[in-house]
Amino acid sequence: MIFDAAALDAETARQDKCLAELPDSFDFPLFNSKHAIESQRRSGYRNTSAAAREIVDNAIEAKASRIDVFFDQAKREKGKGKKDGEAVASVAFLDDGSGMSPKMARYALSWGAGTHFDEEGTIGKFGFGLPNASINQTRRVEVYTKRRGDAVVTKAWLDINNVKAHGLTHIEEPETAELPEFVQRYLTDNKLTFEHGTVVVWVMPDRLSYRKASTLKEHLLDDFGVTYRYMLNDVELNVGGKKVEPVDPLFLTPGSRYYLPEDKGGAINRYERLIPVRYYQDEETGALHLEHVEKASDLDPENEKTLAVGAINVRIVRFPPGFSVYKKGKAESDANRRFEIRKARRGMSFVRHDREIETVDVFPRSMRDVSAGLGDWPLLQGYAYHWGIEVRFNPQLDEVFGIANDKQTVRPIEDFWRLLASDEFEIDALLKAENNWQTKQRDKKKKPVVTTSEEPSPAENAAALADRIDGEPNKVPEKDQEKVEKATEEEAQKRVGVTEKTLDEAKEAIKKQGQRRGYRIEYYDDPSGANGPFFEPEWRPGNVVVAKVNRLHPFYSTFYASLLNLEGGGRARYALDVMLLALAKGELRIEDPVTKMWNENLRQKQWSPFLSNALKVLEQTAHTDDAHEESEGDQEQTFSGEAADAPA
């Protein structure tokens with residue numbers, strides 16, 4: 001290896017320059033204030049609601065019975081529109097919990113100041129929530145707090161604008177203070193008092209997901225409704241004066257938004273199982289493992305190799321067709337709104353201590369995962385919007401699920417996937433079966449049945465007109481003339497005494513009919529199904545060229561009939577009909593018997609099997625968001641040769 005001396009010297013010089021900026025009294029703290037704080041601001045909260053949950057969690061842990069989130073809006077400048085006046089100047093979190101002493105309020109603004117670290121069965125644990133979430137959204141956070149019986153309100157704050165470039169940074173000494181004016185106004189308007197509790201204020205937040213108050217309000221209402229759905233019976237949560245309603249993304253909870261009973265077409269609980277587990281360290285290898293046990297109560301939690309004992313509850317839910325419906329644009333019905341909720345939570349929902357953490361939308365699927373026994377899980381595509389799975393667990397199993405200090409990500413250990421995919425539970429197989437059921441139901445519902453038109457279709461008329469342009473009407477090859485004449489004779493005899501008086505009149509009628517409609521697209525169900533040809537050409541009485549489409553071949557189910565579900569699909573189908581008629585005519589007019597056999601072999605033995613296999617693979621692997629239902633009332637449709645968007 002050749003070293004670049006100049007590059008090495010440049011890096012050394014960069015280090016020397018950085019160290020030269022340190023004061024003489026620098027005592028090498030664990031965290032260097034300015035850079036550490038600015039880096040911490042970029043912690044991985046996905047949006048404002050994810051950060052806001054941390055403050056709500058703290059209020060719940062403080063035994064609050066009511067929590068209010070509201071905004072101070074910036075005053076509208078002269079000449080500015082109304083929308084500018086809705087900009088959020090501050091966000092307040094008001095609770096009626098226990099409140100804090102001045103010393104505790106100061107301590108709570110430091111990282112790692114949690115009071116529940118060694119306690120089981122709590123939402124909070126790490127003591128990162130208040131400072132971490134706050135500076136992620138604002139550069140200054142203020143805490144106003146009062147305990148029951150206190151005569152004054154204590155104010156503590158953290159302002160990262162004042163953090164030193166180097167050295168230690170301390171939380172300022174708290175002081176007594178009045179509540180901010182907009183908080184007092186909210187209390188008065190809502191007939192509330194502040195006898196005890198805490199108010200956290202994000203002052204002039206600069207990293208909100210939405211600056212407009214009305215939009216931020218809806219953002220928090222939607223997120224809180226799902227995240228705290230199991231807690232809202234015990235605590236009242238309001239945003240901007242509006243009560244948060246529970247939203248169960250599985251739609252199984254009576255009283256939650258968009259719930260519908262199963263007997264009226266609502267969600268169906270297909271599977272539910274409580275799985276007692278033990279999390280332990282292998283004595284020989286030191287590796288960490290998760291195993292199913294018959295009864296968690298039978299285990300000895302004092303066993304030094306047993307790290308945790310708990311239970312995992314798994315539910316799998318089916319949404320019947322029409323229950324959750326995709327709609328472009330603004331959702332107008334409950335079915336549309338359910339789909340919007342499912343869009344954000346497609347996959348496995350993880351709920352810790354009745355509080356949702358995350359929905360994981362990537363399951364183990366690689367060859368390595370399968371060979372390692374992690375299961376054979378479905379690929380989450382369009383049809384996964386129409387089923388759901390929820391995993392609930394208690395905080396004792398945090399290490400199993402890789403719960404981070406921000407409580408918004410889940411990274412289960414491999415044994416979790418092995419457990420669910422084991423022969424005893426086979427959750428992976430159940431999900432694949434559910435996904436396949438949804439696929440078949442919606443494909444059956446979406447794909448129309450196409451029947452032969454009584455009148456010439458636009459495609460058939462176009463083919464006939466093309467003959468006139470070429471000046472070559474349909475001419476039966478000499479080798480097929482006897483067969484066609486015999487078929488004409490049989491058809492004419494059937495018409496005598498029914499539609500015509502004599503045999504000659506019947507033959508003349510057949511001739512004129514062939515001149516009027518020299519091409520036909522027909523449909524049939526080949527006994528060989530997908531193994532049969534995708535279409536068959538055939539001469540009919542009156543020298544009519546017929547292309548018969550096999551409805552049991554994937555060419556029909558995956559491609560042909562599916563065209564009619566697309567905007568402009570009727571026109572595309574007629575263009576495809578013209579191509580089929582051209583292929584049929586080309587094969588039927590072959591004079592040489594050997595060439596004809598060769599062409600039949602290509603169509604039946606090569607083209608059709610290839611199409612069948614390729615289209616089956618395409619149907620199984622290429623489902624995307626076009627799997628959304630287009631309307632709530634979709635039913636199986638029957639189309640003839642005429643279509644609404646067909647040319648006249």
Side-chain angles (χ1 to χ4, degrees), residues 450-492 507 509-526 532-553 555-556 559-561 563 570-612 639-643 646-647:
V450 188
T451 59
T452 304
S453 170
E454 294 297 326
E455 296 296 324
S457 72
E460 294 165 352
N461 285 333
L465 184 59
D467 271 350
R468 294 175 196 167
I469 294 172
D470 291 338
E472 293 186 9
N474 286 341
K475 182 180 179 182
V476 180
E478 185 176 345
K479 63 180 181 55
D480 293 323
Q481 285 181 0
E482 182 178 348
K483 180 180 178 181
V484 174
E485 288 173 358
K486 182 179 179 182
T488 302
E489 182 80 17
E490 292 175 352
E491 176 64 23
K507 289 180 178 180
I510 292 172
K511 180 180 178 181
K512 289 181 179 180
Q513 187 177 13
Q515 292 172 346
R516 185 175 70 88
R517 187 176 184 178
Y519 292 88
R520 287 176 66 90
I521 292 287
E522 294 185 356
Y523 309 91
Y524 78 113
D525 298 331
D526 190 283
F534 72 99
F535 93 102
E536 283 279 8
E538 185 177 301
W539 283 112
R540 287 286 175 80
N543 296 0
V544 176
V545 172
V546 177
K548 297 165 57 182
V549 180
N550 178 11
R551 282 187 296 226
L552 300 182
H553 193 282
F555 169 78
Y556 173 87
F559 179 31
Y560 190 93
L563 288 175
R571 300 175 193 272
R573 177 197 143 202
Y574 290 134
L576 182 56
D577 284 347
V578 170
M579 186 191 76
L580 291 172
L581 290 171
L583 290 174
K585 179 179 179 177
E587 184 173 332
L588 290 172
R589 294 186 64 179
I590 295 175
E591 296 278 359
D592 182 65
V594 175
T595 303
K596 182 175 177 61
M597 290 176 61
W598 176 78
N599 199 84
E600 286 179 353
N601 182 70
L602 280 177
R603 175 173 50 80
Q604 295 177 355
K605 306 297 184 183
Q606 296 187 41
W607 300 344
S608 293
F610 175 81
L611 270 176
S612 179
F639 288 84
S640 65
E642 305 279 345

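Residues Asp467 and Tyr519 are in side-chain contact: their nearest non-hydrogen atoms beyond the backbone lie under 4.5 Å apart. Side-chain contact check for Asn543 versus Lys475: every heavy-atom pair is 4.5 Å or farther apart. For the pair Asn550 and Phe535, the minimum side-chain heavy-atom distance is 4.5 Å or more.
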Requested in this report: Please assess Asp577 against Tyr560 for the test side-chain hydrogen bond (donor to acceptor under 3.5 Å, both in side chains), listing each intermediate value before the final yes or no.
Outcome: CA-CA 9 Å; Asp577 284 347; Tyr560 190 93; 2.5 Å; yes
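Checking Glu491, Lys511, Gln513 one by one against Pro541, the side-chain contact (heavy atoms from CB on, under 4.5 Å) holds for a single residue, Glu491. Screening Arg517, Arg540, Arg551 against Glu522 for a salt bridge (Lys or Arg N to Asp or Glu O under 4.0 Å) leaves a single residue, Arg540.
One finds the CD atom of Gln481 at 13.5 Å from the NZ atom of Lys483 (value rounded to the nearest 0.5 Å). A distance of 6.5 Å separates CG in Leu563 from CG in Leu576, rounded to the nearest 0.5 Å. Taking CH2 from Trp607 and CZ from Phe534, the interatomic distance works out to 7.0 Å, rounded to the nearest 0.5 Å.
The existence of a salt bridge linking Glu489 and Lys507 is confirmed by a sub-4.0 Å separation between a basic side-chain nitrogen and an acidic carboxylate oxygen. A salt bridge links Arg516 to Glu455: one of the charged nitrogens lies within less than 4.0 Å of a carboxylate oxygen.
Classified by interplanar angle (parallel below 30°, tilted 30° to 60°, perpendicular above 60°), the ring pair Phe559/Phe555 is perpendicular.
Heavy-atom minimum distance, Leu611 versus His553: CB-CE1, 3.8 Å.
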